[in-house]
There are 2 protein chains.
Amino acid sequence: MKHVDTKQRQKKILSAIVEFYIETALPVGSRFVSQRFRYSISPATIRNVMADLEEAGLITHPHISAGRVPTDKGYRLYVDDLLEPKHLTKEEQSAISKMINRGHKDLESLMQACSKAISVITNVAGVVITPRIKRSLFKHIELIRIDSSRILVVIVTASGIVKNTIVHTHEDLTKPELHRISEFLNEELKGMFFDEIKTHLNRRLLEERDSLYSFLKKTVLLLSSPNIFSMEERLYFDGTASLMSCPEFSDIAMARVFLKAFEDRQDILELFNQDMEEEGVKVHIGMENRCKEIQNCSVITCNYKINQRTIGALGAIGPTRMEYGKVMCAVSYLSDLLGEALEDID
Amino acid sequence: MKHVDTKQRQKKILSAIVEFYIETALPVGSRFVSQRFRYSISPATIRNVMADLEEAGLITHPHISAGRVPTDKGYRLYVDDLLEPKHLTKEEQSAISKMINRGHKDLESLMQACSKAISVITNVAGVVITPRIKRSLFKHIELIRIDSSRILVVIVTASGIVKNTIVHTHEDLTKPELHRISEFLNEELKGMFFDEIKTHLNRRLLEERDSLYSFLKKTVLLLSSPNIFSMEERLYFDGTASLMSCPEFSDIAMARVFLKAFEDRQDILELFNQDMEEEGVKVHIGMENRCKEIQNCSVITCNYKINQRTIGALGAIGPTRMEYGKVMCAVSYLSDLLGEALEDID
DNA sequence: GATAGCACTCGGGATGTTAGAGTGCTAATT
DNA sequence: AATTAGCACTCTAACATCCCGAGTGCTATC
């Protein structure tokens with residue numbers, strides 16, 4: 001009799017269970033799986049395999065007479081080994097493009113459109129965090145005297161993101177003075193990244209000993225405030241409301257903690273910030289998440305880039321029972337699109 | 001026998017019903033009301049009065065053998081005539097102050113703190129819309145050349161709100177030219193409100209016929225983009241998650257449409273924008289709201305001011321069963337506080 | 001090793017019952 | 001004439017019961 005690869009069959013059956021459960025949200029019974037294989041494997045055999053899978057911790061019972069449900073570990077195996085990459089359809093791609101590429105007049109509406117696009121395509125919540133100015137290319141700086149104690153510092157990145165900070169000073173700097181500083185900085189910082197600026201200026205300060213010293217000193221002091229080159233990190237999201245139709249959130253208490261996580265922002269922001277350090281699509285399943293409020297959810301993230309430099313992150317959050325293939329694909333696609341939309345203009 | 005004012009008694013009983021229902025979310029029976037009056041009125045009498053109130057459309061039955069529940073009309077009468085103004089406690093006031101007055105470094109975090117403060121104190125969702133630049137006092141403008149086709153326009157209001165817009169031009173304006181325009185505008189627009197600027201400049205353009213004409217023409221053209229003096233209206237809110245514990249939202253479908261309204265922002269923004277035109281605290285109860293998604297909710301709004309000029313609005317949204325007295329009071333209090341926090345600095 | 005058969009388990013929907021809260025009406029009372 | 005007591009009636013929510021069916025695990029068989 002022909003020998004069947006046991007491992008292989010286990011995987012096929014796990015795949016079937018995961019996919020069926022993702023589709024229906026109903027515990028999967030042995031008959032259904034058998035059916036899916038056109039009865040080439042009998043329910044009894046499948047029950048045996050299921051028992052093995054359960055022992056391996058990949059699936060469970062809600063109760064003894066119910067079908068099987070994947071565990072976090074089961075999803076993990078599925079995502080790592082079994083998932084076959086899925087592509088967005090042409091229609092989906094063009095629908096997304098339409099949402100992103102309509103001339104957004106500010107960063108805000110672009111971010112919003114982006115999170116909305118993710119949620120519409122994937123049916124889970126879409127999340128985008130604002131680009132990090134620190135990782136951007138310097139384009140322009142301008143110091144503007146508002147009154148004797150306040151100076152407005154405006155910075156512009158190569159991709160056209162603008163940030164302004166009002167700095168309070170003791171010393172009343174005159175307009176020409178500020179103008180001179182602005183001009184100096186615009187020349188000096190050409191081609192640098194914002195996170196290099198402060199160390200660069202400090203180095204310059206050490207080298208310089210002549211007449212320029214006090215001028216440089218003044219400049220450095222002016223820019224010493226810690227938040228001048230970093231933007232308040234914002235979190236844009238969309239689709240949390242429609243997620244409420246999922247059976248996972250039929251329990252209001254579940255829904256509440258989930259929404260609370262978004263309201264607090266902090267934990268989610270941190271998660272995305274960490275993931276930003278790594279390349280490509282990342283998946284966090286259920287209990288793998290540090291943040292307790294979303295431990296019955298999965299998070300899929302991806303960094304996005306401007307001219308090859310990672311500058312932010314976006315992703316999706318939904319119940320562990322989500323279409324991993326599609327969501328991963330959508331997130332990756334939107335990462336590219338957002339990057340392009342922000343591309344340095346010069 | 002001494003004659004009892006029937007109308008008066010009706011009102012007292014309606015008050016009791018509304019307040020009891022607000023407190024417990026349970027339909028109110030005749031015994032409870034009688035109890036509240038220390039049995040000075042018998043349940044039977046109260047039943048008669050209740051029948052009258054029901055006929056007048058002020059209360060209803062969920063079903064025949066249940067207690068009474070106020071209708072929107074009932075709440076309306078309560079709010080207009082029966083509500084006795086309630087003050088925030090000293091503790092509440094100082095708790096709010098603490099949240100608002102910790103030096104917020106940007107508008108964003110102030111708005112967020114404000115909406116959070118409302119929600120924490122009132123237990124319903126707090127909402128704040130951003131101040132309208134158009135209604136603000138001009139302080140400073142600066143035109144910055146980024147490259148041959150882009151100019152950055154930075155405006156600053158007297159209260160220190162900064163907004164920037166990137167304008168695309170065909171004509172390549174030089175730095176000195178832009179500098180001259182900036183200087184001119186800063187002198188010319190002193191003491192004006194932003195919404196007067198465009199008409200003022202156009203008038204100037206008509207008067208002027210000499211050498212200044214082409215200069216002015218250039219200036220007006222540069223500022224012709226419609227959004228330069230108006231900020232993207234943003235909506236900050238907080239407390240929607242905790243609202244989910246209310247029995248009103250035990251039905252997930254209810255919760256979903258409610259959350260959807262916040263996700264869409266548009267309708268709520270419009271509502272607050274309209275209310276901004278009027279002075280003081282406004283109350284919209286249930287079906288009075290145009291926006292369908294929140295027709296089982298009440299909205300309480302209040303404009304906020306900088307130096308006597310209305311410049312924005314804030315408020316609260318929650319189930320019709322809310323503590324009107326307290327919420328109205330909190331909203332009004334926060335309107336003052338936010339106004340002070342934004343007060344013009346010079 | 002795979003499968004068929006069978007006894008067993010358990011959740012969930014349908015049904016029935018009851019307690020209790022509350023009403024409306026009528027007749028008695030003040 | 002207004003108020004109240006009493007009583008019959010209504011309806012819900014909670015609880016108990018029952019039963020169907022989906023699904024399992026085990027064992028004997030192919």
Side-chain angles (χ1 to χ4, degrees), chain A residues 1-14 16-17 20-21 23-71 247 250-251, chain B residues 1-14 16-17 20-21 23-56 58-71 74 247 250-251:
Chain A
M1 192 181 182
K2 104 172 170 287
H3 181 72
V4 181
D5 184 340
T6 312
K7 286 276 171 235
Q8 208 54 37
R9 194 174 57 188
Q10 281 190 356
K11 286 184 177 181
K12 273 173 73 180
I13 288 175
L14 179 61
I17 294 173
F20 199 81
Y21 182 68
E23 199 179 321
T24 64
L26 264 33
V28 186
S30 51
R31 327 182 60 117
F32 275 108
V33 179
S34 174
Q35 192 177 38
R36 162 142 334 185
F37 292 117
R38 298 207 201 104
Y39 303 105
S40 64
I41 314 173
S42 82
T45 308
I46 287 172
R47 282 204 284 281
N48 286 331
V49 177
M50 279 172 155
D52 294 343
L53 290 173
E54 183 155 11
E55 200 163 3
L58 298 167
I59 54 178
T60 27
H61 282 147
H63 55 84
I64 194 158
S65 74
R68 300 312 216 283
V69 167
T71 60
S250 63
D251 179 5
Chain B
M1 194 186 178
K2 101 170 173 288
H3 183 72
V4 181
D5 184 340
T6 312
K7 286 274 170 235
Q8 208 55 39
R9 195 175 57 185
Q10 282 190 355
K11 286 184 176 181
K12 273 174 69 180
I13 289 175
L14 179 60
I17 293 173
F20 200 81
Y21 182 68
E23 198 180 321
T24 65
L26 265 34
V28 186
S30 51
R31 327 182 57 120
F32 275 108
V33 180
S34 173
Q35 191 178 38
R36 158 137 346 177
F37 292 117
R38 297 206 202 105
Y39 303 105
S40 65
I41 313 174
S42 83
T45 308
I46 286 170
R47 281 203 286 279
N48 287 330
V49 177
M50 279 172 155
D52 295 342
L53 289 173
E54 184 155 10
E55 200 163 2
L58 298 167
I59 54 179
T60 24
H61 281 146
H63 54 84
I64 192 158
S65 75
R68 298 315 214 284
V69 168
T71 61
S250 64
D251 178 5

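Reminder, nothing fancy here: chain letters follow the sequence lines and each chain counts from 1.
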J.: Restricting to non-hydrogen atoms, name the atom on B:Tyr21 and the atom on B:Pro70 that form the minimum distance, rounded to 0.1 Å.
T.: CD2-CD, 3.5 Å

J.: Of the non-hydrogen atoms in A:Ile17 and A:Arg68, which two are nearest, and what is the gap between them?
T.: CG2-O, 4.2 Å

J.: Distance check needed: C:dT3 C1' versus A:Arg31 CZ, whole Å only.
T.: 14 Å

J.: Measure from the side chain of B:Phe32, starting at C-beta and using heavy atoms only, and say which of C:dG22, D:dT24, C:dG24 lies closest.
T.: C:dG22

J.: What are the two closest non-hydrogen atoms of B:Arg9 and B:Thr45, and how far apart are they?
T.: NH1-CG2, 3.8 Å

J.: Taking only side-chain N and O atoms of A:Arg9, does any of them lie within less than 4.0 angstrom of OP1 or OP2 on C:dA2?
T.: yes

J.: In this structure, which stretches of DNA chain D are paired as stems of three or more consecutive Watson-Crick or G-U pairs, both distances less than 3.5 Å?
T.: C:1-30 with D:1-30

J.: Rounded to whole Å, how long is the line connecting atom CD1 of B:Ile64 with atom C1' of C:dG24?
T.: 8 Å

J.: Restricting to non-hydrogen atoms, name the atom on B:Pro43 and the atom on B:Ser30 that form the minimum distance, rounded to 0.1 Å.
T.: O-CB, 3.6 Å

J.: Classify the nucleic acid contact of B:Ala66 as base, sugar-phosphate or nothing, counting any heavy atom under 4.0 Å across all strands shown.
T.: sugar-phosphate

J.: Are any non-hydrogen side-chain atoms of A:Ile41 and A:Ser34 less than 4.5 angstrom apart?
T.: no

J.: Distance check: side-chain N/O of B:Thr45 vs OP1/OP2 of D:dT4, anything under 4.0 Å?
T.: yes

J.: When you measure from the side-chain N and O atoms of A:Arg68 to the phosphate of D:dA22, is any distance below 4.0 Å, counting only OP1 and OP2?
T.: no

J.: Rounded to whole angstrom units, what separation is found between the CG atom of B:Leu26 and the C1' atom of C:dG22?
T.: 13 Å

J.: How close do A:Ala66 and A:His61 get, heavy atom to heavy atom, and via which atoms?
T.: O-CD2, 3.6 Å

J.: Can you see if the side chain of B:Ser65 gets near the phosphate of C:dG20 - specifically, an N or O under 4.0 Å from OP1 or OP2?
T.: no

